[in-house]
Q: 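For reference, the structure I am asking about is given below.
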Amino acid sequence: MASTVPTVVLSSGNRMPFLGLGTFQLPPPKPEQLIDAVKVAIDVGYRHIDTAWGYGNEKDVGQAIKEKIAEGKIKREDVFVTTKLFLTFHRPEHVHESMMQSLGSLGLDYVDLYLIHNPMCLKYGTNPSEIFQPIGKIEDLYDDVDYVDTWKVSENKSMSPIHSWL
């Protein structure tokens with residue numbers, strides 16, 4: 001990572017840039033707008049890019065990063081990428097599936113930080129549109145999963161494409 005970027009050392013020994021570009025926006029920008037925004041951010045020195053499965057923009061974020069790598073502006077190890085576990089993937093058997101979906105969308109071999117986006121858990125397979133505009137009773141969408149169990153699975157380094165650990 002570029003030495004001019006202020007970083008904090010995580011308990012893992014890995015470094016995370018203090019300042020990051022958050023990519024959530026309502027209404028969502030057009031893909032080319034987001035790609036351009038991420039590329040400009042990298043050009044001006046941002047080295048921490050934050051996205052999430054729930055934002056629906058991992059593909060565009062990943063494309064921007066890959067384009068900057070192809071231009072020779074950065075190497076993969078120069079940019080710290082954070083993404084997040086969506087609240088419908090909290091059951092331990094779905095955590096790895098979600099990680100792999102994010103990696104596939106991003107087009108990366110690993111992410112630097114993978115967070116539980118929200119401690120609340122909803123049933124697997126819940127349509128995201130139902131979450132924000134519930135059809136019926138919202139209580140019917142909840143799932144009883146202890147986020148500690150979710151976290152334990154995400155810490156399994158032998159099956160995880162996560163680069164940094166807090």
Side-chain angles (χ1 to χ4, degrees), residues 1 7 10-12 14-17 19-39 41-42 46-70 74-132 141 143 145-166:
M1 191 169 304
T7 61
L10 303 175
S11 62
S12 63
N14 293 313
R15 295 186 158 278
M16 180 177 76
L19 199 56
L21 176 71
T23 61
F24 178 74
Q25 185 179 346
L26 283 177
K30 294 178 181 174
E32 59 275 6
Q33 292 172 314
L34 178 61
I35 292 165
D36 287 345
V38 172
K39 289 168 64 175
I42 290 170
Y46 279 83
R47 293 298 180 266
H48 182 177
I49 309 296
D50 176 87
T51 187
W53 186 94
Y55 300 168
N57 66 11
E58 289 175 323
K59 180 180 177 187
D60 301 326
V61 169
Q63 181 178 333
I65 293 168
K66 289 184 289 185
E67 286 181 19
K68 294 317 277 179
I69 291 170
I74 57 170
K75 297 180 208 160
R76 171 60 187 95
E77 58 270 18
D78 293 337
V79 64
F80 191 96
V81 179
T82 299
T83 194
K84 302 168 196 83
L85 178 74
F86 194 61
L87 60 164
T88 58
F89 291 96
H90 281 221
R91 288 212 160 268
E93 63 269 22
H94 298 299
V95 172
H96 188 257
E97 169 192 355
S98 178
M99 287 182 198
M100 298 313 292
Q101 282 184 19
S102 288
L103 286 176
S105 294
L106 287 162
L108 301 174
D109 294 330
Y110 66 92
V111 293
D112 297 282
L113 184 61
Y114 193 70
L115 301 171
I116 295 174
H117 205 159
N118 190 316
M120 178 180 68
C121 177
L122 297 183
K123 291 178 182 166
Y124 178 75
T126 300
N127 183 330
S129 66
E130 289 182 74
I131 295 167
F132 303 109
L141 300 178
D143 200 357
V145 178
D146 187 335
Y147 63 86
V148 173
D149 294 334
T150 304
W151 181 256
K152 286 178 183 176
V153 170
S154 72
E155 282 188 316
N156 184 345
K157 295 176 185 173
S158 66
M159 62 179 265
S160 176
I162 301 170
H163 188 256
S164 295
W165 298 93
L166 295 175

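Note: hydrogens, waters and symmetry copies are ignored here, and every other heavy atom, side chains too, is used. Fair warning: this is a prediction, and the values are worked out from it, not measured in the lab.
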Q: Where do Ile116 and Tyr147 come nearest, in terms of heavy atoms and distance?
A: CD1-O, 4.0 Å
Q: Mark yes or no for whether Asn118, through its side chain, and Met120, through its backbone, hold a donor-acceptor pair below 3.5 Å.
A: yes
Q: Look only at the side chain of Ser105 and the backbone of Lys59, and say whether a donor-acceptor pair between them is shorter than 3.5 Å.
A: no
Q: When rounded to the nearest 0.5 angstrom, what is the spacing between CG in Leu115 and CG in Asp50?
A: 7.5 Å
Q: Please name the pair of heavy atoms, one in Lys66 and one in Gly107, separated by the smallest distance, quoted to 0.1 Å.
A: CD-O, 3.7 Å
Q: So, do Lys123 and Asp143 sit near enough that their side-chain heavy atoms are less than 4.5 Å apart?
A: yes
Q: So, for Tyr124 and Glu97, which heavy atoms are closest and what is the spacing to 0.1 Å?
A: OH-OE2, 2.7 Å
Q: Taking C-beta and beyond as the side chain, do Thr82 and His48 meet within less than 4.5 Å on heavy atoms?
A: yes
Q: Within the distance-only criterion (no hydrogens, no angle test), does the side chain of Arg47 pair as donor or acceptor with the backbone N or O of Ile74 below 3.5 angstrom?
A: no
Q: If you measure from OG1 on Thr88 to CG on Leu122, what distance do you get to the nearest 0.5 Å?
A: 7.0 Å
Q: Kindly compute the distance separating CD1 (Ile69) from NZ (Lys75), expressed to the nearest 0.5 Å.
A: 11.0 Å
Q: Working to the nearest 0.5 angstrom, can you tell me the gap between Leu34 CG and Thr23 OG1?
A: 6.0 Å
Q: Look at the rings of His94 and Phe89 and say which category their plane angle falls in: under 30° parallel, 30 to 60° tilted, over 60° perpendicular.
A: perpendicular
Q: Would Asp36 and Lys30 pass as an ion pair if we require N to O under 4.0 Å?
A: no
Q: With ring-ring contact (aromatic ring centres under 6.0 Å, His included) as the test, pick out the partner of His117 among Phe86, Tyr55, Trp53.
A: Tyr55
Q: Working to the nearest 0.5 Å, report the span between CH2 of Trp151 and CG of Asp146.
A: 13.5 Å
Q: In Å and rounded to the nearest 0.5 Å, what is the OG to NZ distance from Ser102 to Lys84?
A: 10.0 Å
Q: Taking all non-hydrogen atoms of both residues into account, name the closest pair between Ala52 and Asn57 and its distance.
A: O-OD1, 4.2 Å
Q: Are side-chain heavy atoms of Tyr114 and Thr83 found at a separation under 4.5 Å?
A: yes
Q: Under the side-chain contact (heavy atoms from CB on, under 4.5 Å) criterion, do Asp112 and Arg76 qualify, and how do the steps go?
A: CA-CA 10 Å; Asp112 297 282; Arg76 171 60 187 95; 3.0 Å; yes
Q: Which pair of non-hydrogen atoms, one from Thr51 and one from Glu58, has the smallest distance, and what is that distance?
A: OG1-CG, 3.7 Å
Q: Just wondering, do Ile65 and Val81 contact through their side chains at under 4.5 Å, heavy atoms?
A: yes
Q: Using every non-hydrogen atom in the two residues, find where His90 and Val95 come nearest and quote the distance to one decimal.
A: O-CG2, 4.1 Å
